[in-house]
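This report refers to the structure that appears directly beneath it.
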Amino acid sequence: MKFKKQISLLLCVMMLFSSGTLTSFASDGAGEETPAIINTVEEIAGIVINYLAKLINNIKGTDETNIPSATVNPHSWLEYNGELIETPEQMLSAQTWVANEIAFESEKSYANPFGDVDVELLLWGNGRLYKIPAFWDGGNVWKIRFACPSAGEWYFRTVCTDESNTSLNGRTGKVICSEYSGEHDIYKHGFITTNAGEKYFTYDDGTPFFWLGDTHWSLGDETVDMVKTICAQRVSQSFTVYQSEPIGAKYDFTNGITQEDMAGLADYDEKFAVIAEHGLVHANAQFFFSYFIEPLISNNGGFNGSDPSDSAKAYIEKACRYWVARYGAYPVVWTLGQEVDNDFYWSETNHPEWGLDNNPYKLVAEYIAKYDAYDHPLSAHMENVGATSVYGSGEGATDECKVYFKDAMPSAFRDVKSHNFYAVQWHTSKTEQSDFRIEKDCWYNSQGKPAINYEGQYCYLWTKNFGSRMQGWTAYLNGMYGYGWGGHDTWSYLNVYDEENDSSDGVDTITSEEKINATWQDALEYESSYQVGYMRGFLESNEWHNLIPRFDNKAYFVPANNVYYAYAGSEDNTEIVVYFYSFTDNAVAQNANTKFYGGIKTGTVGNLVPNGSYTYQWFDPISGEYSEEYEFTATRFGTYYIGDRPQATDMVLRISAADNS
């Protein structure tokens, strides 16, 4: 113990010496090369700090063994080699993973079609059986939407709770399904999924899925033509996910589904179909804006203490079944409701405050999963990490984890069986080096589930282009393998929220006038909406899913003074990516976010092969351009001092090992 304290003290002394020495030589650093003496001191300090960090790691160990190994999640389909239907009523053709629709008209009328009768489709082929709910679509029409996950012959039969209704019960068909012949990856590789212990999403065939989301909380207010234009643009910019909430939707789930709701649901159907036709995954919240769950419960049996009554639970289940029936055959992700983990809007409603035990959206999660034949990923949209994080303080959690971020409560959905990723809301600081508490909480304490930065600060509402791209890079390189970008006025179309105020993220000011004048067409052209596409291209060329975040472990990287960074590398550290987001060039933003030479310096990379050969290359996240490739040889200590960046902007460094065998 005494030895460990001595090492820690020496490490602190070295860092203070480095900081003090460099500051005494510093100017503003803008547009200048770092003086040689500063580089020399930084290099020596980097070697010493790196060496001491490795000693401390060897003595104390690290947290890097806390992630469960990957396993395949249970599936809802059943193993089944069913009978061949010799004389099916319908013959259909399909392509793999693409939604199909069949409709049946009931010869019998019902007083309450939504509540009086249920229809289910049994779909089987290639050794699998899927149970897919149907939905009432107005009048006497019931529809079923389904997708075939593999090519071949598929058969179906309907089952109706009113067995005497032969127009809905016992209907049969055959589907000849061929391989998808289009260009969209989601249909080439299959719907996305998660596997326990894997910190990223994959397609059904195991191919890693890069989550780059575009935020649309007011999908109900967007027109179908708008959605078409937005989808086409976002696909061209390399987005992969359309993140939506149903604000403005023209239907009402709070007291049954009636004929009056059909026009609004048909409008919503068109938008789902357009998003799917463009090959985007649709991360959608269920039913309505989250505080309408209170009138839904009150209208259907009310509360029993702080919990929904049995009749309210039965109605919630019915609503969930209906939602899955309408939209579960598309490439979707379920996110339940706006900031329902945990109860951000409690103060604006009359319901009992939700705790870890009585959150009604846990029921929504259970019932959505119950009727989802395709096992789409499911999460609860989280409130800001200042209030709720993955594990946070751990107060009230049923499991024990190391506390990294004690300022927040744990997620209310940690123990929900169907919950398989964390939709984190993280507004990372643009003006200082992260202390990595939140990132570590998300990486180590997420129970082997992905934790993504689902919602950050929106471009031209609370940040501008630097902040919007920086949030993506710091998410991915800190192990949050997904990023939800958002721009004003598409994050919530026609929403005037906070438009009356000027805002600042520390480097850029967004004026009230800029907010008010922003249009949804402007949001399609914000520079960062292209730049996050450059980020995707870079990371995909560097097998991002194999990069492990190293946070503040100085055995891997020792930053120079006033340098802000995010570092990730492969397991054997032969592939390394470092994002430097300290800058002094006013082309990046209105104000620099660091001082002295912090906008152009880098630091010392460690855990390299002593005297090993490496190449490195710079990437400009603003323009998407690469520098030429350079070579270097690591020191005999297994380190390399990088020196100055090519420019005083945020930049990305890629390092690759040569054959050092």
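Computed from a predicted structure; not experimentally measured. Because only heavy atoms are used, hydrogens play no part in the values below, and waters and symmetry mates are left out as well, while side chains stay in.
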#### Entry: Sequence neighbours excluded - side chain to side chain donor-acceptor pair (under 3.5 Å) pairs with any residue from residues 115-125
Asp118-Lys318

### Query
Taking atom types as modelled and ignoring hydrogens, do the side chains of Thr398 and Asp415 form a donor-acceptor contact shorter than 3.5 angstrom?
yes

### Task
Would you mind reporting whether Leu265 and Ile257 have side-chain heavy atoms less than 4.5 Å apart?
yes

### Query
Are side-chain N/O atoms of Thr388 and Asn342 paired as donor and acceptor at under 3.5 Å?
no

### Message
Could you check whether any side-chain heavy atom of Glu153 comes within less than 4.5 Å of a side-chain heavy atom of Ile176, counting everything from C-beta outward?
### Response
yes

### Query
Distance only, no hydrogens: is a donor on one side chain within 3.5 Å (strictly under) of an acceptor on the other, for Tyr422 and Asn453?
no

### Message
Would Asp341 and Tyr361 count as a side-chain hydrogen bond (donor to acceptor under 3.5 Å, both in side chains) here? Give the steps.
### Response
CA-CA 9 Å; Asp341 188 9; Tyr361 273 94; over 6 Å; no

### Task
Let me see the working for Cys160 and Val117 under side-chain contact (heavy atoms from CB on, under 4.5 Å), right down to the final yes or no.
CA-CA 7 Å; Cys160 181; Val117 62; 3.3 Å; yes

### Smallest separation among heavy atoms of Val390 and Arg414, with atom names
O-NH1, 2.9 Å

#### Entry: Ion pair Glu89/Lys174, N-O distance below 4.0 Å
no

### Query
Is the distance between the ring centroids of Trp491 and Tyr458 less than 6.0 Å?
yes

### Message
Check this for me: Glu183, atom CD, are more than 12 non-hydrogen atoms of other residues, nucleotides or ligands nearer than 6.0 Å?
### Response
no

### Message
We want to know whether Tyr251 and Glu260 form a side-chain donor-acceptor pair, criterion being a heavy-atom distance below 3.5 angstrom.
### Response
no

### Task
Evaluate the criterion side-chain contact (heavy atoms from CB on, under 4.5 Å) for residue pair Arg157 and Ile85; output intermediate values, then yes/no.
CA-CA 9 Å; Arg157 177 181 288 110; Ile85 300 176; 4.2 Å; yes

### Task
Before giving the answer on ring-ring contact (aromatic ring centres under 6.0 Å, His included), spell out for Phe135 and Trp323 the whole-Å C-alpha distance, their side-chain angles and the decisive distance to 0.1 Å.
CA-CA 8 Å; Phe135 61 93; Trp323 191 268; over 10 Å; no

#### Entry: Contact check, side chains of Leu336 and His381, non-hydrogen atoms, under 4.5 Å
no

### Task
Go through the steps to decide whether Tyr110 and Asp162 satisfy the test side-chain contact (heavy atoms from CB on, under 4.5 Å), and finish with yes or no.
CA-CA 11 Å; Tyr110 297 92; Asp162 182 358; 2.6 Å; yes

### Pair His488 + Trp520: ring centers closer than 6.0 Å
no

### Query
What is the minimum heavy-atom distance between Ser492 and Ser218, and which atoms define it?
OG-OG, 2.6 Å

### Task
Give a yes or no answer on whether the side chain of Arg321 reaches the backbone of Ala134 with a donor-acceptor pair at less than 3.5 Å.
yes

### Message
Any side-chain to backbone donor/acceptor pair from Lys250 onto Asp267? Under 3.5 Å, distance only.
### Response
no

### Query
Using the ring of each side chain (for Trp, its six-membered ring), is Phe156 parallel, tilted or perpendicular to Phe146, with breaks at 30° and 60°?
tilted

### Query
Among Tyr187, Phe191, Tyr180, whose ring pair (Phe, Tyr, Trp, His ring centres under 6.0 Å) with Trp97 holds?
Phe191

### Mutual orientation of the aromatic rings belonging to His75 and Trp77 [parallel < 30°, tilted 30-60°, perpendicular > 60°]
parallel

### Task
For Trp426 and Met480, run side-chain contact (heavy atoms from CB on, under 4.5 Å): C-alpha distance rounded to whole Å, both residues' side-chain angles, the deciding distance at 0.1 Å, then the answer.
CA-CA 10 Å; Trp426 179 38; Met480 301 174 76; 3.5 Å; yes

#### Entry: Validation row: Phe303, Ser298 side chains within 4.5 angstrom (heavy atoms)
yes

### Message
Does any part of the side chain of Asp252, heavy atoms only, come nearer than 4.5 Å to the side chain of Asp261, both counted from C-beta?
### Response
yes

### Over all atoms of both residues, closest heavy-atom pair of Asn100 and Ala94
OD1-CB, 3.4 Å

### Query
Is Phe292 atom CZ crowded by more than 12 heavy atoms from other residues, nucleotides or ligands, each under 6.0 Å away?
no

### Query
Does the separation of the ring centres of Trp211 and Tyr481 fall below 6.0 angstrom?
no

### Task
Quick one: closest heavy-atom pair of Tyr476 and Tyr483, and the distance?
CE1-N, 4.0 Å

### Task
Using only heavy-atom distances, determine whether the side chains of Thr193 and Asp375 contain a donor-acceptor pair under 3.5 Å.
no

### Message
Please check this pair: side chain of Asn284 against backbone of His282, looking for a donor-acceptor N/O pair closer than 3.5 Å.
### Response
yes

### Query
Can any side-chain N or O of Ser106 pair as donor or acceptor with the backbone N or O of Lys108 at less than 3.5 Å?
yes

### Query
Do you see a donor-acceptor pair shorter than 3.5 Å between the side chains of Tyr530 and Glu525?
yes

### Query
Leu92 and Ile102: which non-hydrogen atoms are nearest, and at how many Å?
CD1-CG2, 3.4 Å

### Query
Do the non-hydrogen side-chain atoms of Trp485 and Cys459 ever get within less than 4.5 Å of each other?
yes

### Query
Does the side-chain hydrogen bond (donor to acceptor under 3.5 Å, both in side chains) test come out yes or no for Thr223 and Asp225, once each step is laid out?
CA-CA 5 Å; Thr223 68; Asp225 285 342; 5.6 Å; no

#### Entry: Under 3.5 Å: donor-acceptor pair, side chain of Ser309, backbone of Gly301
yes

### Student check: side-chain heavy atoms of Thr172 and Gln90 closer than 4.5 Å
no

### Task
State whether the side chain of Lys362 and the backbone N or O of Ala412 hold a donor-acceptor pair below 3.5 Å, judged by distance alone.
yes

#### Entry: Expected output: side-chain His278 to main-chain Val274 donor-acceptor under 3.5 Å
yes

### Query
How are the rings of Phe209 and Phe201 set relative to one another: parallel (under 30°), tilted (30 to 60°) or perpendicular (over 60°)?
perpendicular

### Query
Side chain of His419, backbone of Phe421: donor and acceptor closer than 3.5 Å?
yes

### Query
If only atom types and distance count, is the side chain of Glu179 paired as donor or acceptor with the main-chain N or O of Gln95 below 3.5 Å?
no

### Message
Any non-hydrogen side-chain atom of Ile297 less than 4.5 Å from a side-chain atom of Lys313?
### Response
no

### Task
Would you confirm whether the ring centroid of Phe272 sits within less than 6.0 angstrom of the ring centroid of Tyr268?
yes

### Query
So which heavy atom on Arg326 is nearest to which on Arg145, and how close?
O-NH1, 2.7 Å

### Query
Donor-acceptor pair, Gln243 side chain versus Tyr454 backbone, under 3.5 Å?
yes

### Query
Hey, would you say the Tyr374 and Tyr130 ring centroids sit under 6.0 Å apart?
yes

### Task
Could you go through the side-chain hydrogen bond (donor to acceptor under 3.5 Å, both in side chains) check for Ser446 and Lys199 one step at a time?
CA-CA 9 Å; Ser446 67; Lys199 302 303 296 278; 3.1 Å; yes

## Note on the structure
So CG of Asp214 and CD of Gln233: to nearest 0.5 Å the spacing works out to 10.0 Å

### Query
Can you tell me if Gln338 and Ser290 form a side-chain donor-acceptor pair at under 3.5 Å?
no

### Query
Is there a donor-acceptor contact under 3.5 Å linking the side chains of His216 and Thr490?
no

#### Entry: Pair Lys370-Glu317, salt bridge (Lys or Arg N to Asp or Glu O under 4.0 Å): steps then yes or no
CA-CA 9 Å; Lys370 178 178 179 179; Glu317 179 171 0; 2.7 Å; yes

